[in-house]
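See below for the structure under consideration.
In this text, all values refer to a predicted model and were calculated from it rather than measured experimentally. Counting from 1, the numbers follow the sequence of the chain as shown. Order of listing sets the numbers, starting from 1, for every ligand and every atom in it.
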Amino acid sequence: MSLRDLPPVDALAAQVIAPRAVAVAAARAVLAERRAELLAGASDAADLPARARAWAEASGRPSLRRVLNATGVIVHTNLGRAPLAAAARDAVLAVAEGYSNLEWADGERGSRHVHVEPLLRELTGAQAGFAVNNGAGAALLAAAALAGPGKEIVVSRGQLVEIGGGFRVPDVIAQAGARLVEVGTTNRTRLGDYAAALGPDTGAVLRVHRSNFVQLGFVEDVGIESLCELGVPVIDDVGSGALDPIHDEPSVRRSVAAGAALVVFSGDKLLGGPQAGLLVGREAAVEAARRHPLARALRIDKLSLAALEATLRLHRDAPEQVPVPAMLHATDLRARAERLAAAVPGATVIESVARVGGGALPLVELPGPVAVLPDDSLVQPLRRADPPLVGRVEDGRLLLDPRTLTDEETDLAVALLEGAGHL
Ligand SMILES: *Cc1c(COP(=O)(O)O)cnc(C)c1O
């Protein structure tokens, strides 16, 4: 085949079943690609209509779409962190379908914050609270509201951490306009270190949970109760949003009870809700954050707010229905592991270990049964499947962990695996 033999755009487009604009775009793209191949010396045969149909199909597929997570990593940041509970999904749909009372109270202008504040108060014991766009935003807002320009924020050297790309505690404080005052050492900070650093310009003491790493050995930290007795506002960035203690994760309720001015945490880590950042604490501090100009820049949107309200409601009324904590505690995984294994010749079920992920509980191991495939030959085909199925590779074998799959998703995964020979 030579350049001269390439069909006209219209002729190729006519062989693509799609809206005309898509068919033409597909034909143009495939012809351009083929032209380049021929100029580069290609001499193979090419099924241009098939290519154009594949192009059209791919262009109609959303970029952001469902993935089957069989990695066992529960709060998988790259896979969208927390799957939402059914009630949260329903709430999103109801608000997305039409208009809503987002900022409307009996015909008067209202505040979007009223939809979650009572639940936040109830669940955390705080005097007040509201939600912004994400946890990083909540931390930045807390720092700016309680200590901005001209003020100092006191932080232990052991907590000047990086949580993930672009979120480093010293940078957050600088962005808030405050001056960082470091106290203690990398491994040991005592109450006296904090006390010695307080002065007329102190805006707040900031405590930051280490989230994605731990320090072992000769270490010493100051508890939240002692920090709150220093007599200055305390911002406690607890990270994952565990309402009650889970392993070593700091509990929101404990920090509130200790008297922290603002406790900030993420909506889509252990709380298991939508991407959001929560700020709860003392009335005056919450009000200062709510009125800060950054609050408007970081405000939560209605879909997230709907999902957040529903998730908080479940934490109060039926916590077992929130997927993330449910996966954390799941014990009924064997049947699903066996169904996955039965779909692939030579696959078996072994005991393995899943992780929480998402910068929470870095050392916690979640033992459970997983399907193990004989090798890793299906890794790529399954990644390219629709929906993609992602597992974890250990020792050259593909492991599929049912902990992060629902029953329905297991059905889908089984169907993919049974057809995997054709992928
Ligand atoms: C995850 C985390 C954040 C950021 O929260 P996002 O919701 O991811 O923006 C901030 N601080 C700590 C301690 C965290 O663990």
Side-chain angles (χ1 to χ4, degrees), residues 73-84 116 120 129-146 153 155-176 180 204-215 221 224 227 234-243 245-252 254-256 260 262-281 289 294-295 297-301 303-305 307-308 311-312 324 328 355-364:
V73 178
I74 296 175
V75 185
H76 198 307
T77 295
N78 301 139
L79 299 183
R81 286 202 181 157
L84 296 178
V116 291
L120 286 173
F130 70 109
V132 295
N133 181 53
N134 63 6
L140 174 62
L141 177 57
L146 297 195
I153 296 186
V155 190
S156 160
R157 287 196 167 89
Q159 294 168 11
L160 294 175
V161 299
E162 172 174 319
I163 299 297
F167 189 86
R168 293 174 148 190
V169 171
D171 298 342
V172 171
I173 290 172
Q175 287 299 321
L180 169 62
V205 165
L206 170 65
R207 186 177 84 138
V208 185
H209 180 49
R210 290 192 189 96
S211 291
N212 49 15
F213 74 105
V214 291
Q215 278 190 326
D221 255 334
I224 187 66
L227 289 182
V234 174
I235 300 169
D236 195 11
D237 180 0
V238 295
S240 70
L243 295 173
I246 305 179
H247 300 279
D248 295 333
E249 283 301 287
S251 121
V252 174
R254 174 175 163 184
S255 299
V256 168
L262 288 175
V263 183
V264 306
F265 54 101
S266 186
D268 57 357
K269 291 183 181 170
L270 294 183
L271 197 68
Q275 178 187 303
L278 289 305
L279 299 97
V280 300
L294 263 181
L298 295 168
R299 85 176 173 189
I300 189 168
D301 101 293
L303 302 184
S304 305
L305 196 58
L308 181 62
T311 304
L312 292 171
V324 164
L328 200 60
R355 302 259 168 210
V356 178
L361 298 166
L363 293 191
V364 168

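To the nearest 0.5 Å, the span separating CG on L146 from CG on L141 amounts to 8.5 Å. Between F265 atom CZ and L243 atom CG the span is 6.0 Å, to the nearest 0.5 Å. Between the CG atom in L227 and the CD1 atom in I235 there is a gap of 12.0 Å [rounded to 0.5 Å].
Closest protein heavy atom to atom 7 (O) of ligand 1: S266 OG, 2.6 Å. Of the protein's non-hydrogen atoms, A136 N, 2.8 Å is the one closest to atom 9 (O) of ligand 1. The shortest contact between atom 13 (C) of ligand 1 and any protein heavy atom is with S211 OG, 3.3 Å. Among all protein heavy atoms, the one lying closest to atom 10 (C) of ligand 1 is D237 OD2, 3.4 Å. In this structure, atom 8 (O) of ligand 1 lies nearest to the protein heavy atom R81 NH1, 2.8 Å.
Evaluation of the side chain to side chain donor-acceptor pair (under 3.5 Å) rule for N134 yields no partner, not counting sequence neighbours. Partners of R254 under the side chain to side chain donor-acceptor pair (under 3.5 Å) rule, at least two apart in sequence or in another chain, are E225.
Using a non-hydrogen distance threshold of 4.0 Å, K269 registers as a contact of ligand 1.
Of all atoms in ligand 1, listed by their number and element, those nearer than 4.0 Å to a heavy atom of G135 are 4 (C), 5 (O), 6 (P), 7 (O), 9 (O). Residue H209 approaches ligand 1 through these ligand atoms, each under 4.0 Å from one of its heavy atoms: 13 (C).
Of all non-hydrogen atoms in L298 and G137, the two that sit nearest each other are CD1-O, 3.3 Å.
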